[in-house]
Amino acid sequence: MDRSAMALLNIRTFGDPVLRQRAQEVTRVERAHRRLVADMFDTMRDAPGVGLAGPQVGVLQRIFVWEVDDRHGAFINPRITARSEETYVDDEGCLSIPGLLYPVERSVAVTVEGLDERGREVSVAAEGHLARVFQHEIDHLDGVLFIDRLPEDLRREALRTLRRQALGLAETRARGAL
Ligand code: NI
């Protein structure tokens, strides 16, 4: 096996039902998880993105990878064990909802605990952007997308944009079929 070969996974986009399901706990961390995490890192960096969760690549397991500035890691069965009362609003996007950027309210700081891809216990205290990434990715594991967290008016606008995108895609496909 060529260990240097990149394996890019197919990123599922809005409308794919897998994004709306709750991912299952990993009962035992196995060698296959190390391979999956490596492939998820390749896929996230190629996109490029700062976080990628299992359901986004069609894997309904509670697992995500992240990379912010010069730090990166993987979480299996992540739990938010502490969060600041203080929140802040900043623009947020998602690899599964390409082209959309909306302001989302998140906790300023969270502590996330779980396992890494080798089954070791990990705890990361995050603030600001990294804390935002953690909250966004853990939402993915519960079938929650960032547009669900928008105020009603912005959520409607986002859904209208997504419907227009879907129609555009349908037209392109129809033309391609000819
Ligand atoms: Ni996302």
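Starting from 1, each residue takes its place in the sequence as its number.
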Discussion item. Please verify the inter-ring angle class for Tyr102 with Phe146; under 30° counts as parallel, over 60° as perpendicular, anything in between as tilted.
Written reply: tilted
Fill in: Donor-acceptor contact below 3.5 Å, side chain Asp46 vs main chain Thr43
no
Fill in: Exceeds 12 heavy-atom contacts within 6.0 angstrom, atom CZ of Arg20
yes
Item to complete: Any chance you could measure Leu9, atom CG, to Met44, atom CE, to the nearest 0.5 Å?
Response: 12.0 Å
Worksheet item: Just how far is it from atom CG of Leu145 to atom CZ of Arg155, taken to the nearest 0.5 Å?
Response: 11.0 Å
Fill in: Residues Glu157, Arg160; criterion salt bridge (Lys or Arg N to Asp or Glu O under 4.0 Å); working and verdict
CA-CA 5 Å; Glu157 183 191 300; Arg160 268 199 306 273; 5.2 Å; no
Worksheet item: When rounded to the nearest 0.5 angstrom, what distance separates SG in Cys94 from CG in Leu19?
Response: 7.5 Å
Worksheet entry | CG-CZ distance between Leu36 and Arg31, expressed to the nearest 0.5 angstrom | 14.5 Å
Worksheet item: Could Arg106 and Glu92 be called an ion pair, given the rule that one side-chain N must be under 4.0 Å from one carboxylate O?
Response: yes
Item to complete: Before giving the answer on ring pair (Phe, Tyr, Trp, His ring centres under 6.0 Å), spell out for His140 and Phe64 the whole-Å C-alpha distance, their side-chain angles and the decisive distance to 0.1 Å.
Response: CA-CA 9 Å; His140 271 303; Phe64 75 83; 9.6 Å; no
Fill in: Gap separating the NE2 atom of His136 from the CG atom of Leu52, nearest 0.5 angstrom
9.5 Å
Worksheet item: Within 45 degrees of the axis of the six-membered ring of Phe75 and under 6.0 Å from its centre: does Arg62 put its NZ or CZ there?
Response: no
Worksheet entry | side chain to side chain contact (heavy atoms under 4.5 Å, CB included) between Arg132 and Asp90, worked out | CA-CA 9 Å; Arg132 175 173 298 276; Asp90 198 2; 3.5 Å; yes
Practice prompt. Take Gln24 and Leu60 through the side chain to side chain contact (heavy atoms under 4.5 Å, CB included) test and state the conclusion after the steps.
Written response: CA-CA 6 Å; Gln24 297 300 303; Leu60 278 172; 5.5 Å; no
Worksheet entry | Arg45/Glu67 salt bridge by N-O under 4.0 Å criterion | yes
Worksheet entry | Asn77 side chain to Val26 backbone, donor-acceptor under 3.5 Å | yes
Fill in: Thr87 backbone acceptor or donor facing Glu105 side chain under 3.5 Å
no
Worksheet entry | Shortest non-hydrogen separation from Asp91 to Pro103 and the atoms involved | OD1-N, 3.4 Å
Worksheet item: Crowded around Asp69 CG? As in, over 12 foreign heavy atoms under 6.0 Å?
Response: no
Discussion item. For the backbone of Val144 and the side chain of Asp142, can you confirm whether one donor and one acceptor N or O come within less than 3.5 Å of each other?
Written reply: no
Worksheet item: Are Glu121 and Leu115 close enough that some pair of their side-chain heavy atoms sits under 4.5 Å apart?
Response: yes
Worksheet item: Hey, is Glu25 close enough to Arg22 for a salt bridge, meaning N to O under 4.0 Å?
Response: yes
Worksheet entry | Interatomic spacing from OG1 in Thr111 to CD in Glu127 - rounded to 0.5 Å | 9.5 Å
Fill in: side chain to side chain contact (heavy atoms under 4.5 Å, CB included) partner of Arg163, the single match among Leu159, Leu167, Thr161
Leu159
Item to complete: Determine whether Asp139 and Arg149 make a side-chain contact, defined as any pair of heavy atoms from C-beta on separated by less than 4.5 Å.
Response: yes
Item to complete: May I ask you to decide if Ala109's main-chain N or O and Ser107's side chain share a donor-acceptor pair within less than 3.5 Å?
Response: no
Discussion item. Looking at Ser96 and Arg12, would you say the former's side chain and the latter's main chain have a donor-acceptor pair under 3.5 Å?
Written reply: yes
Item to complete: Going by the side chain to side chain contact (heavy atoms under 4.5 Å, CB included) test, name the single residue among Glu137, Met40, Arg71 that passes it with Trp66.
Response: Arg71
Fill in: side chain to side chain contact (heavy atoms under 4.5 Å, CB included) between Ile147 and Ile97, worked out
CA-CA 9 Å; Ile147 55 172; Ile97 313 179; 4.3 Å; yes
Worksheet item: Does Arg34 pair with Asp39 as a salt bridge, N-O distance under 4.0 Å?
Response: no
